2 protein chains.
Amino acid sequence: MDSETKKILDVVVENGYRLTSARLAIITALVNSAEHVTADDLADKVRQQAPHVGRMTVYRTLDLLCELGIVRPIYQGTGAAHYILMAKGSHHHLICNRCHGVIEFEECFAAMLIEEMAKRFDFHISSHLLEIHGLCENCYE
Amino acid sequence: MDSETKKILDVVVENGYRLTSARLAIITALVNSAEHVTADDLADKVRQQAPHVGRMTVYRTLDLLCELGIVRPIYQGTGAAHYILMAKGSHHHLICNRCHGVIEFEECFAAMLIEEMAKRFDFHISSHLLEIHGLCENCYE
DNA sequence: CTCCTCAATGATACAAAGTATCAATGGTAT
DNA sequence: ATACCATTGATACTTTGTATCATTGAGGAG
């Protein structure tokens, strides 16, 4: 098993939730997915390996992972919510308003200020997401 | 008319889109709305002033404003997309993973680094959104 | 290891959110 | 004032998300 998968399962168990075969299948599929997935996309993917898993369970598991701060739904263009893994740390995106393309970069520069804000509001951080919006090279003619 | 509303209309016209009564009604309602609205919430609100405006038009106008970088859909808890106004500048949210509450703060600290990133990728910024995820005071017992 | 309990599941049915289509309308350039 | 074409709104539809509840199986107690 992927160590990333294992880490997520540990968080689930540590928080008093049961380790079921459905959750294992869903989390495995999620970790092995692309940058972002739709709930229904993920359900399809899970069923390729574990046909018995219901759609509802995928939705519920994503909600749970969201509450545990492992996953975050974002809007990619429009339509269904796309889930991104926050477990690995944080995300920094340059998003084009026209073509909806996403450029990702790693630098976590804001760390200090984020922590200060958290302290001010007595907030317990698990991750963060920075989205910078505008037009990409191609769409800005 | 609100100067904020006017500014948005200008952007619409500058980009070659027509200034219709439906768009005027929708943008006015949007500017006068709370921090974030659902597409259907906005449609209801618009119809109080301009009953003839159809739901489709609200959806289409929100898409347009999104493309122009004036508005941004985010996921608030779950369900429908919530739109936030990016026109005024940027947004910084502390979001609770459990109760989905949002604390907003103003400090725009990362300006310098955001601009550097934009330069590196030849990206033309219109706004940014920083989401910090975790548990709020109440949900972290 | 076996039993028991209750969290978790999955089937079903439903509600809400978003999309496609197209004839009719009305902004705006001329 | 006219004509063109972007925009609209009505309708019908698909997709996405939610509620319910009888059944199941994970994991602690004995």
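Every chain is numbered from 1 and lettered A, B, ... according to where its sequence line falls, protein lines coming before strand lines. What you see is a predicted model, and the numbers here were worked out from it, not measured in a lab.
Scored by the side chain to side chain contact (heavy atoms under 4.5 Å, CB included) test, A:A80 finds A:T38 as partners (sequence neighbours excluded). Every residue two or more places apart in sequence or in another chain that forms a ring pair (Phe, Tyr, Trp, His ring centres under 6.0 Å) with A:H124 is listed here: B:Y140. By the ring pair (Phe, Tyr, Trp, His ring centres under 6.0 Å) test, A:Y75 is found to be paired with B:Y75, residues two or more places apart in sequence or in another chain being considered. For B:Y17, the ring pair (Phe, Tyr, Trp, His ring centres under 6.0 Å) test picks out no residue, with sequence neighbours left out. Remark: B:H133 engages no residue in a ring pair (Phe, Tyr, Trp, His ring centres under 6.0 Å) (not counting sequence neighbours). With sequence neighbours excluded, the residues forming a side chain to side chain contact (heavy atoms under 4.5 Å, CB included) with B:T5 are B:M1, B:D2, B:L9, B:I27, B:T28, B:V31, listed by chain and number.
Evaluation of the salt bridge (charged side-chain N to carboxylate O under 4.0 Å, His left out) test over residues 57-68 of chain A, restricted to residues two or more places apart or in two chains, returns A:E67-B:R98. For the salt bridge (charged side-chain N to carboxylate O under 4.0 Å, His left out) condition, the pairs that include at least one residue of residues 36-54 of chain A, sequence neighbours left out, are A:D40-A:R55, A:D44-A:R47.
Across all strands shown, A:Y75 has heavy atoms under 4.0 Å from sugar-phosphate atoms exclusively, and none from any base.
Counting heavy-atom neighbours within 6.0 Å of B:Q49 CD, excluding the residue itself, gives a total of 12 or less.
Taken over five-pair windows at either terminus, the axes of the helix from C:dC1-D:dG30 to C:dT30-D:dA1 are inclined to one another by 50° (rounded to 10 degrees).
DNA chain C is contacted by both B:L19 and B:D63; B:D63 maps to the nucleotide lying nearer its 5′ end (nearest heavy atom per residue).
Here B:I84 is tied into one hydrophobic group with B:I74, B:M86, B:L129, each link being a pair of ILVMFWY side chains closer than 4.5 Å.
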| Base-contact (B) and sugar-phosphate-only (S) positions in nucleotides 2-16 of chain C, heavy-atom cut-off under 4.0 Å, - elsewhere | ----BBSBBB-----

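Mapping heavy-atom proximity under 4.0 Å, the span of DNA chain D touched by chain A runs 5' to 3' from D:dT16 to D:dG27.
In this structure, B:Y59 atom OH and C:dA20 atom P are separated by 13 Å, rounded to whole Å.
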